[in-house]
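Notes to accompany the following structure.
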Amino acid sequence: MTVKTLDEFGFRTQSSSPKAAIASSQSHQEYRVVKKEEKWEKSVLEVEFPKNLPESCILSVTYEGEKRAACLKLYEPKSKRIYFWYDNTGHLPYCLSNLSINELEKNISLKNHPGLDHLEPVKKFDPISDKEVNMTKIIAKDPLSIGGRPSGSIRDLIPKAWEAHIRYHHNYIYDRQLFVGMPYKIVNGNLVSVNYSPPQDIRLTMEKLFENESEEFRGYIDSWVNLFQCPIPSIRRVALDIEVYQSVSTRIPDPEEAKEQVIAASLVDSDGLERVLILRRKDVREGGTKVPFHVKLEYCDDERQILREIFKALIEYPIVLTFNGDDFDLRYLYHRAENLGYKKEEIPISLGNEFALLNYGVHVDLYKFFFNRSIQVYAFSQKYTEFSLNEIAASILGVGKVTLDLSVSELTYTQLAEYCHRDSEITLKLTTFGDELLMKLIMVLVRVSRMPMEDLTRQGVSGWIRNLMYFEHRRLNYLIPLSEDILETKGQVASTAIIKGKKFKGAIVVEPKPGFHFNIAVLDFASLYPSIIKVYNLSYETILCPHPECRSNTIPDLPHWVCRRKKGLSSLLIGSLRDMRVRWYKQKAKDKSLPESLRNLYNVVQLTLKVLLNASYGVMGAEAFELYCPPLAEAVTAIGRYSITKTIEKANSLNINVVYGDTDSIFLDSPTQRQIDDLVQWSEKELGMELEIDKFYRYAVFSKLKKNYLGVYPDGSVDIKGLSGKKRHMPEFLKSAFMEMVKTLGEVKSPNDFDQAKVKIQAIVRTCYTKLKNKEYPLSSLALNMMISKPPSRYTKTTPQHVKAAELLTKAGHEIKAGDIISFVKTTNGQGVKPLQLASINEIDVDKYVEYLESTFEQVLDAVGISMDEIMGITKLESFFFH
DNA sequence: GCGGACTGCTTACCT
DNA sequence: ACAGGTAAGCAGTCCGCG
C-alpha cells in the first residue's frame with residue numbers, strides 16, 4: 001500500500017510509492033517496528049501500527065491519497081522513530097460559497113460532480129464587513145475535487161469560492177487546531193493532545209509583565225508561553241550526500257537523466273555513526289589520504305548495494321538532512337534507481353516538481369532553509385553571504401568542504417571517501433552546533449507558524465505568517481478573506497514612493513551632519529514597525545473599517561483611519577509576539593545568571609521571534625502575500641515617519657543635537673543622561689513607543705552621504721556601515737587597505753589624534769598606490785567579485801561588466817548560473833573587463849584601480865579633515881621621484 | 001563623430 | 001516572491017555642435 005500521494009502539494013503525482021506497510025489506527029497490534037532482513041533487501045519498511053503511542057511530537061501532516069485521509073508523522077523520542085496516525089474523524093476537504101444550498105443545488109455540474117460529498121449550511125464571521133454571514137460548505141471526497149485539477153474542479157464550477165486555495169493538509173491542521181511540534185499521544189487509536197503547562201514561576205512572571213494588557217491580549221501571551229516553553233525533543237537524524245561519476249568535469253550530472261553511476265555516498269547520523277559507501281570501479285588510482293578512524297568505509301561491488309543501503313537509511317531515520325537534496329541527491333537517487341530496474345514502490349522517495357519528500361521520515365533540505373533570506377539576515381545576521389555548502393559551513397562552523405584539485409571521478413577511493421564524508425559531516429553539524437540551535441530554530445518556527453516541518457523549511461517567511469494568520473482565523477471562525485476582496489474594499493494607496501516603481505512611501509533618512517562627532521549615543525525604537533502595528537491596532541480588517549464612527553480615528557499624514565471598535569488580528573498576533581520578545585526572551589537570552597542551556601533556549605525563541613517580527617510589516621506590502629493590504633503597509637511607514645520626526649523635534653527642544661537618523665534610530669551628539677532620560681520618557685508617554693539606547697560611539701564619522709558612516713566604540717572596535725571599502729564586491733587589495741585605515745581610525749581617542757592618524761593613513765595609501773603601479777598585487781586580489789543574479793542571456797536591457805565577464809567565461813566552456821559570483825579584473829584592452837581565470841597581470845588597467853582607491857578612501861577621509869587629493873598628490877609626486 | 005547631460009539598469013547596502 | 005531608501009558604477013541615449 002502506498003503512504004501518500006503528493007497531490008496536495010501540487011506535485012507531479014507519482015502513481016504509487018514505496019511499500020511502507022503501515023497499519024491504520026484501527027489496527028490492534030502493539031506498536032513496534034519490525035525490520036525483516038529479507039525485506040530490507042528490497043528496502044521495504046514494515047511497521048505494525050500503534051493503537052497506543054506514548055508522548056510524541058507532531059513533525060508533519062500530509063495527505064494520503066489512497067486512504068483519502070490526513071496523515072500525521074509523530075516522533076516518539078524513546079524509540080526515536082516516526083509513527084503514522086491517520087485521521088479517524090472523517091474529516092473531509094471543503095470550500096465555502098456565499099450561495100445558499102438551494103441555489104447551489106440548481107448547479108447541475110456541481111450536483112453531478114463525482115467528487116462532491118454533500119452541502120452544509122455554516123455561519124462565519126466576515127472580518128472585512130465585520131458581520132456574521134451565512135455560507136454553504138461544499139464538502140468533497142478528496143482535495144483534488146475542490147481544486148487542483150486542470151478543469152472541472154468544484155471551485156471552478158461556482159461563481160466564487162472561499163478557502164478553496166488552502167492546501168488540504170493545512171486546512172486539516174486549522175480545523176483540528178493541531179499544534180505542530182507539540183506533544184500528542186495516541187490512545188485507543190485516537191489522537192490526544194498532551195497538555196503542557198509552563199512552570200509556575202514563569203506563569204506568574206508573565207501575569208505580572210502583562211497585567212495592564214487586555215484579557216484578549218493576555219490570552220495570546222498564554223498560548224505563546226506554552227509553545228515556547230514546552231521542551232523540544234532532540235530528533236534522531238542522518239545527513240546524506242552522494243557523489244556521481246562525471247564524464248565531463250565541468251558538467252553537473254543531470255538528476256532527471258541519472259545516466260552516470262553513484263560512486264560514493266555518506267551517511268553521518270546524530271548518534272555518532274559515520275559511514276561511507278564506495279563503489280569499486282576499474283582504473284581507480286591507488287593511494288590518497290587517510291580517512292578518520294571512526295568512519296566506517298564500506299566498499300560495494302554493485303551500485304545497487306549502495307542504493308539499497310541509502311534506501312534503508314531513508315526508511316529508518318525520522319529526519320534526513322541534505323544540502324540541495326530536493327534538486328539533486330534525492331532526485332538523482334530516484335531516477336538512478338529507476339534506471340537500475342527498481343520499481344517505484346521500492347523507492348522510498350516521492351518526487352514533486354520542486355521537492356523530494358520521503359515516504360517515512362521528514363526530508364530537510366538545508367540549502368532551501370539557509371537560502372531563506374530571513375534566516376540568513378535575521379537568524380544568522382548575514383554571517384554567510386553565498387549559499388554553497390562550503391561558504392555556509394565555513395562561516396558558521398569554521399570548516400568548509402574538502403578542496404579538490406581534481407574532479408570526483410579522478411580521486412582515489414580514500415580521497416573520494418574523505419570528500420564525500422566531509423559533506424555529510426558538515427551538513428549534520430549545521431544542525432548540531434550551538435546545542436542544536438538550527439533544529440531548535442526549526443522546531444520553534446514549526447510551532448509558531450503551525451506548519452509541517454517539510455513545508456516550513458521550504459517556504460518563505462510570508463508562507464509562515466500566512467499560515468499562522470489562517471490558523472487564527474479558523475480558531476475564531478473568521479472567514480478567510482480572498483486577496484482580491486481585501487484589495488477591492490481597502491482600495492488604493494495614498495502616498496507616493498520616492499523610488500520609481502515602488503508602491504508607497506517608506507521610511508525617513510535624516511540628512512547626516514558631515515564631519516566627526518565625539519560621544520555619540522544611538523537611540524532606537526525597539527521593534528518599531530511591530531510596535532506600531534500593536535499600538536495603532538493595525539490589521540487588514542481594522543484599517544479603513546466599515547464603521548462611520550471610526551473615520552475620525554485617522555493616521556498621521558494619510559487619509560486612512562483605524563477601527564476603534566475591535567482589536568485587529570495582526571495587531572494582536574504581532575503585538576503579542578513583539579512583547580514576548582522585547583519584554584522577556586531578549587532579556588533572558590542575555591541573562592548570565594541562567595544556566596547556559598536555558599539561555600540557549602531563550603536565544604532560540606528570541607531569534608525565531610526576530611525573524612517573524614522583522615518580516616511582519618514587509619509581508620503586508622508584498623503582493624504575493626495572501627493578506628496583502630497596501631494601505632496597511634503604508635500606514636505603518638507613515639506612523640514610523642511621524643514617530644521619528646516628532647522624536648527629533650523633541651530632541652531639538654531638549655537642546656540635543658541630532659546628527660543622523662535612519663527609519664527608527666537617532667544619533668545624538670554628546671547628550672547628557674538627563675537629556676536621554678527625558679527623551680525616552682517623552683516617547684513612552686506621547687508616542688506609546690519604547691525608545692532605548694542601542695549603542696554608544698567614542699566618535700562617529702559622517703560624510704554627506706546617507707546610510708554611510710563609521711562609528712568607533714569605546715573599546716576601539718569599529719562599526720562600518722555602507723562604506724564602499726566594506727562592500728562584498730570590492731577587490732581584496734582595496735578592502736584590506738581600507739581595513740588598515742579603519743584600524744588606524746580606531747586608535748583615535750581625541751580630535752588631536754587625527755594628525756597622527758593622517759600620517760599613518762598617508763603611508764597606507766602610498767604603499768597601496770606603489771604596489772598597484774608596480775603590479776605587485778596578485779591578480780586575484782585585484783578581482784571584483786560580483787553576483788550574477790540571472791543567467792547571462794537574460795540581461796537584455798544592458799550588459800553590465802560582470803555579465804560581459806560571464807559571457808567570456810561561457811565561451812571558455814564554464815557553466816554560469818544565477819547566483820554565481822563572477823570574479824573579473826579591469827583591463828586596458830578588449831571590453832575593459834576580463835574574467836579572473838582568463839586575465840594576466842600585464843593587461844591590468846592600473847589607473848582604474850587608482851580611481852577606486854581614491855574614491856573609497858575619500859568617503860571617510862574628507863569627513864575627518866584629511867584631504868585625499870592632497871594625499872594622492874604627494875603620493876604621485878613621490879612615486880614619480882622614486883622611478 | 002564626439003562629448004556632456006541625462007536616464008535607466010544592476011548590485012550592494014541600510015533600516 | 002517581506003518592504004522602501006540610498007549609493008556607486010556603468011550602459012545607453014539624446015542633443016548640440018559651423
Side-chain angles (χ1 to χ4, degrees), chain A residues 371-378 382 385 458-466 493 495-512 522 524-525 527-530 533 574 611-630 632-638 640-641 644 660-667 694 703-709 719-730 784-790 792 794-804 806 819 821-822 826 831-833 848 851-852 854-856 858-859:
Chain A
F371 192 79
N372 186 317
R373 240 192 97 69
S374 292
I375 295 300
Q376 179 203 15
V377 176
Y378 302 120
Q382 301 256 40
T385 46
R458 287 168 175 81
Q459 290 203 11
V461 68
S462 69
W464 305 342
I465 294 176
R466 176 205 61 219
V493 291
S495 62
T496 359
I498 292 174
I499 307 169
K500 234 189 225 171
K502 300 286 186 185
K503 290 164 291 193
F504 54 90
K505 190 171 281 192
I508 284 182
V509 188
V510 180
E511 204 72 55
V522 182
D524 70 359
F525 293 104
S527 299
L528 177 65
Y529 289 172
I533 291 171
I574 295 163
V611 169
L612 287 171
L613 292 169
N614 277 320
S616 62
Y617 137 78
V619 296
M620 310 290 186
E623 274 168 80
F625 182 58
E626 283 81 349
L627 301 171
Y628 171 52
C629 184
L632 174 55
E634 76 172 334
V636 175
T637 56
R641 294 193 298 275
I644 189 174
Y660 180 61
D662 187 348
T663 313
D664 62 352
S665 66
I666 47 173
F667 290 57
D694 176 33
S703 64
K704 59 181 192 309
L705 300 177
K706 294 171 172 179
K707 297 186 189 282
N708 271 265
Y709 64 88
D719 214 9
I720 304 159
K721 298 289 179 188
L723 300 175
S724 294
K726 205 189 90 168
K727 294 205 179 186
R728 194 177 62 177
H729 67 277
M730 284 309 222
L784 287 104
N785 307 291
M786 209 169 256
M787 185 183 292
I788 185 159
S789 65
K790 45 190 180 184
R794 297 252 317 274
Y795 288 81
T796 49
K797 288 163 182 149
T798 57
T799 313
Q801 299 201 320
H802 66 295
V803 179
K804 282 183 186 147
I821 305 282
I822 309 294
K826 299 276 200 175
Q831 302 212 49
V833 287
K848 198 82 225 167
E851 270 176 43
Y852 275 119
E854 287 184 56
S855 63
T856 303
E858 207 151 31
Q859 274 186 345

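What you see is a predicted model; the values in this text were computed from it and never measured. We use all heavy atoms of the structure for the numbers below, so side chains are in, but hydrogens, waters and symmetry mates are not. Convention: sequence-line order gives letters A, B, ...; per-chain numbering from 1.
Within 4.0 Å (heavy atoms only), A:K706 reaches sugar-phosphate atoms of the nucleic acid but no base atom. Residue contacts shown for A:I499 include a base, since a base heavy atom lies under 4.0 Å away. A:Y795 comes within 4.0 angstrom of the backbone, heavy atoms only, and of no base. Within the 4.0 angstrom heavy-atom criterion, no nucleotide atom of any strand lies near A:T637. Heavy atoms of A:S855 sit under 4.0 angstrom from primed sugar atoms or phosphate atoms, though from no base atom. Counting any heavy atom pair closer than 4.0 Å across all strands shown, A:A633 reaches no nucleic acid atom. Within 4.0 Å of A:E634, counting heavy atoms only, lies no atom of the nucleic acid at all. Here A:G506 lies in heavy-atom contact (under 4.0 Å) with sugar-phosphate atoms only. Residue contacts shown for A:Y529 are absent, as no nucleic acid heavy atom lies under 4.0 Å away. Within 4.0 Å of A:Y709, counting heavy atoms only, lie sugar-phosphate atoms of the nucleic acid but no base atom. A:F525 comes within contact range of no nucleotide atom at all, as no heavy-atom separation falls under 4.0 Å. Residue A:M620 is out of contact with every strand shown, counting any heavy-atom pair closer than 4.0 Å. Counting any heavy atom pair closer than 4.0 Å across all strands shown, A:S665 reaches no nucleic acid atom.
Listed nucleotides: C:dT6, C:dA3, B:dT10. Nearest to the side chain of A:F504: C:dA3. Here C:dA7 is the nucleotide among C:dA7, C:dG4, B:dC13 with the atom lying nearest to any side-chain atom of A:L705.
Using a 4.0 Å cut-off between charged nitrogen and carboxylate oxygen, A:K706 and A:D662 do not count as a salt-bridge pair.
Side-chain nitrogen and oxygen atoms of A:S789 include at least one within less than 4.0 Å of the OP1 or OP2 phosphate oxygen of B:dT11. Dashed line: the shortest gap from a side-chain N or O of A:K721 to OP1 or OP2 of C:dA7 is not under 4.0 Å. Taking side-chain N and O atoms only, A:K727 has no distance below 4.0 Å to OP1 or OP2 of B:dT11. For C:dC10, one of the phosphate oxygens OP1 or OP2 lies less than 4.0 angstrom from a side-chain nitrogen or oxygen of A:Y852. Contact check, A:Q382 against B:dC13: no side-chain N or O comes under 4.0 Å of OP1 or OP2. A sub-4.0 Å separation between OP1 or OP2 of C:dG4 and a side-chain N or O of A:K502 is present. Distances shorter than 4.0 Å separate some side-chain N or O of A:S462 from OP1 or OP2 on C:dC2. Not one side-chain nitrogen or oxygen of A:K726 sits closer than 4.0 Å to the OP1 or OP2 atom of B:dA12.
Here the closest non-hydrogen pair linking A:Y795 and A:P800 is CD2-CD, 3.9 Å.
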Please determine whether side chain to side chain donor-acceptor pair (under 3.5 Å) holds for the pair A:S724 and A:Q859, giving the CA-CA distance in whole Å, both sets of side-chain angles, and the decisive distance to 0.1 Å.
CA-CA 8 Å; A:S724 294; A:Q859 274 186 345; 3.1 Å; yes
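Using a distance-only test at 3.5 Å, with no hydrogens or angles considered, no donor-acceptor pair links the side chain of A:S495 to the main chain of A:F504.
If you take CD1 of A:I644 and P of B:dC14, they are 17 Å apart, rounded to a whole angstrom.
Among the candidates A:D664, A:I574, A:T663, A:N614, the single residue satisfying the side chain to side chain contact (heavy atoms under 4.5 Å, CB included) test with A:Y529 is A:T663.
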